[in-house]
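One structure is given here, and the rest of the page talks about it.
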Amino acid sequence: LNHIGSYYLFKGSFNIAIEYYRKASQFHRSTQPRVLKGVALAVNNIGMVQLEKGQVAQAERIFRKALRIDQTLGYKKGIARELGNLGKVKFEQKMFDSALVYYQNAIQIERELNHVLGTLETMVDIAKVHLATGNYAEADKVLNGASNLNTECHLAANVWILNLKS
């Protein structure tokens, strides 16, 4: 159900996406406690839709809810995901120092978990903050680091490196 919701999110059918994410969340709540990771993911995905719709305050509230679930479970990958998404919220609010704090906390966990794709995506998000604040030298440094990490790991993560939203 989460994947179906993601399909509709990328098509721009936000209301249908939210409906599938809600169904996924309800399904996971009705199963065993260990499946709460799925609830957090579904809640997080609803937050992503809200962020795409420009409903930043609502997205922030939803990401914090998903973060609480993952913190309760001690699920570090989910915690990193939500911290990164809260960084995106702060970026949209032009609170760049706060965005960097969230991104730095996310990337610390991603590196600890050796989650290379998450690390690359967060490095690009950090570079976006530096670009937005006119710190071009630091943005270049971060993007070069991301490029080197990509090359070292032989990953096709260039989508994240080259797909900088302006």
Side-chain angles (χ1 to χ4, degrees), residues 1-30 35-111 113 115 117-135 138-139 142-143 146 159-161 163-166:
L1 293 173
N2 270 316
H3 292 299
I4 296 170
S6 295
Y7 169 78
Y8 283 107
L9 169 63
F10 292 117
K11 283 187 65 172
S13 300
F14 299 128
N15 292 335
I16 297 172
I18 288 174
E19 186 57 35
Y20 275 100
Y21 292 142
R22 284 189 178 135
K23 287 178 183 178
S25 176
Q26 290 167 354
F27 169 77
H28 289 298
R29 281 191 180 104
S30 69
V35 186
L36 282 175
K37 288 186 224 176
V39 173
L41 177 61
V43 170
N44 174 77
N45 288 341
I46 292 169
M48 291 302 295
V49 173
Q50 298 302 338
L51 192 59
E52 283 292 317
K53 289 172 61 176
Q55 297 180 0
V56 180
Q58 192 170 9
E60 181 175 12
R61 182 182 57 77
I62 294 168
F63 290 142
R64 289 189 187 284
K65 182 178 180 180
L67 178 61
R68 282 192 302 274
I69 295 168
D70 281 327
Q71 286 173 327
T72 299
L73 296 171
Y75 183 52
K76 290 185 176 187
K77 186 175 179 182
I79 293 168
R81 176 185 59 230
E82 276 91 38
L83 290 172
N85 287 337
L86 285 165
K88 291 177 193 323
V89 165
K90 296 304 175 188
F91 181 86
E92 290 299 317
Q93 294 171 331
K94 307 220 181 308
M95 298 174 69
F96 300 120
D97 289 340
S98 293
L100 279 176
V101 169
Y102 279 109
Y103 291 145
Q104 292 296 344
N105 289 329
I107 205 167
Q108 180 180 351
I109 295 169
E110 289 159 346
R111 287 179 172 152
L113 296 174
H115 184 225
L117 289 176
T119 301
L120 287 169
E121 183 177 2
T122 304
M123 290 175 84
V124 171
D125 287 336
I126 291 169
K128 288 178 185 178
V129 171
H130 291 307
L131 289 171
T133 57
N135 191 348
E138 192 62 28
V142 172
L143 288 173
V159 172
W160 281 278
I161 295 169
N163 189 20
L164 291 175
K165 287 186 176 178
S166 41

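All values below were derived from every heavy atom in this structure, side-chain atoms included, with hydrogens, water molecules and symmetry-related copies excluded. What you are looking at is a predicted structure, and each value in this text was computed from that prediction instead of being measured.
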Do [X] and [Y] touch side chain to side chain, with heavy atoms closer than 4.5 Å?
| X | Y | value |
| --- | --- | --- |
| V39 | K65 | no |
| L51 | F63 | yes |
| I109 | H115 | no |
| K128 | D125 | yes |
| K88 | N85 | yes |
| M123 | Y103 | no |

With rounding to the nearest 0.5 Å, note down the distance linking [atom1] in [X] to [atom2] in [Y].
| X | Y | atom1 | atom2 | answer |
| --- | --- | --- | --- | --- |
| I126 | N135 | CD1 | CG | 12.5 Å |
| N45 | Q50 | CG | CD | 12.0 Å |
| L120 | E110 | CG | CD | 9.5 Å |
| L143 | L131 | CG | CG | 6.5 Å |
| F91 | L100 | CZ | CG | 10.0 Å |

May I have all residue pairs that pass salt bridge (Lys or Arg N to Asp or Glu O under 4.0 Å) and include part of residues 66-84, sequence neighbours excluded?
-> D70-R81, K76-E112
Qualifying salt bridge (Lys or Arg N to Asp or Glu O under 4.0 Å) pairs with a residue from residues 89-106, counting only residues at least two apart or across chains |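 Only E60-K90 qualify under salt bridge (Lys or Arg N to Asp or Glu O under 4.0 Å).
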Nearest heavy atoms of [X] and [Y], plus distance in Å:
| X | Y | answer |
| --- | --- | --- |
| L83 | Y102 | O-CB, 3.3 Å |
| A127 | A139 | O-CB, 3.7 Å |
| A99 | V129 | CB-CG2, 4.1 Å |
| I62 | G47 | CG2-N, 3.5 Å |
| A80 | A106 | O-CB, 3.5 Å |

Expected output: side-chain N44 to main-chain A40 donor-acceptor under 3.5 Å | no
